[in-house]
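See below for the structure under consideration.
In the text below, chain A, chain B and the rest are named by the order of the sequence lines, each starting its count at 1. A quick note: this is a predicted structure, and the numbers were derived from the prediction, not measured.
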Amino acid sequence: MRLATWNVNSLKARLERVEEWLGYARPDVVCLQETKMADGAFPAALFSSLGYESVHHGNGRWNGVAILSRVGLEGAVAGFADGVEPDVDTRLVTACCGGMTVSSVYVPNGRSLDDDHYRYKLDWLSRLRHHLDLVASADGPTAVCGDFNIAPEDRDVWDPTAFVGSTHVSRPEREALAELGAWGLVDAFRYCYPDQDRLYSYWDYRSGDFHSHRGMRIDLLMVSRVLAGRVRWAVVDRNARKGKQPSDHAPVLVDLDS
DNA sequence: ATGGTAGAGCATCTA
């Protein structure tokens, strides 16, 4: 079972590359973020022709998440399952794929520590944990994959001193991520590479950050213990960050024993 | 001190 996550930064701009990538990476389940697309524009028929069932949750302007699966896809839930308010921000979609409960998440960026959006980020993460209580079991096969906009540790950013006082590394958001760990989720990529550093998934478009390897590891596959026990291999597909019109994020893939 | 780039869409907003 090959599970993947990729923030594509506009599915319309990236469609050819996504199609090419599906062809060589051959993932079974894919979580996409930042499709920046309305549901009506989502190319479900194209993905179907490539063998993937899909669900998309998007508002057309910003954000937008999707799940593709070639091992079945049912019981899709757009947004939070608590039903408190509609998820107009379209940052979360959940479905059952190949016996797993899979969520594609695009965690709010936070912008800066003194911005209202940062409080929103922390609240959103808290709400995500409640969502998991409603749709999934920590003891079952659960995967929450996406752009968390959090670097779990200092070694997950290219230069910790450059991030002092910034979002993505602050203690409260790392604690919110740790709460998901306490719920029962394991960072599958780090589980696979406990001792290797300089493994990033995102590089800013600006200032040649990719070529200087000034990156961050913020795209995570958080999996329940039963799935972590099946992790065989993981990789960041840096080739997908190269060449013509790349996303600013690379896909991250994890292989599970079936 | 601020910009650097990319994608939305047409003035900025978001990242």
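Comparing the P positions of B/dA15 and B/dG9 gives a spacing of 16 Å, expressed to the nearest Å. Separating the C1' atom of B/dA1 from that of B/dA11 is a span of 25 Å, rounded to the nearest Å. Rounded to the nearest Å, the gap between the P atom of B/dA6 and that of B/dT2 is 23 Å.
Whole-Å rounding puts the A/Gln245 CD to B/dA8 P distance at 9 Å. At whole-Å resolution of the value, CH2 in A/Trp203 and C1' in B/dA6 are 17 Å apart. Spacing between atom CG of A/Asn9 and atom P of B/dG9 amounts to 13 Å, rounded to whole angstrom units.
Hydrophobic cluster of A/Leu113: the remaining members, joined at side-chain heavy-atom separations below 4.5 Å, are A/Tyr118, A/Leu122, listed by chain and number.
Ring centroid separation for the pair A/Phe47 and A/Phe42 comes in under the 6.0 Å cut-off. Ring-centre distance between A/Trp158 and A/Trp203: not below the 6.0 Å cut-off.
Criterion: ILVMFWY side-chain heavy atoms under 4.5 Å apart, direct or through other members. Under it, A/Trp124 and A/Leu220 are part of a common hydrophobic cluster.
Residues meeting the side-chain hydrogen bond (donor to acceptor under 3.5 Å, both in side chains) test with A/Trp183, sequence neighbours left out: A/Asp133.
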Protein-nucleotides 13-15 of chain B N/O pairs closer than 3.5 Å?
residue	atom	partner	partner atom	Å
B/dA15	OP1	A/Arg91	NH2	3.4
B/dA15	OP2	A/Arg111	NE	2.9
B/dA15	OP2	A/Arg111	NH2	3.4

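Within 4.0 Å of A/Arg14, counting heavy atoms only, lie sugar-phosphate atoms of the nucleic acid but no base atom.
For the pair A/Tyr200 and A/His213, the minimum side-chain heavy-atom distance is below 4.5 Å.
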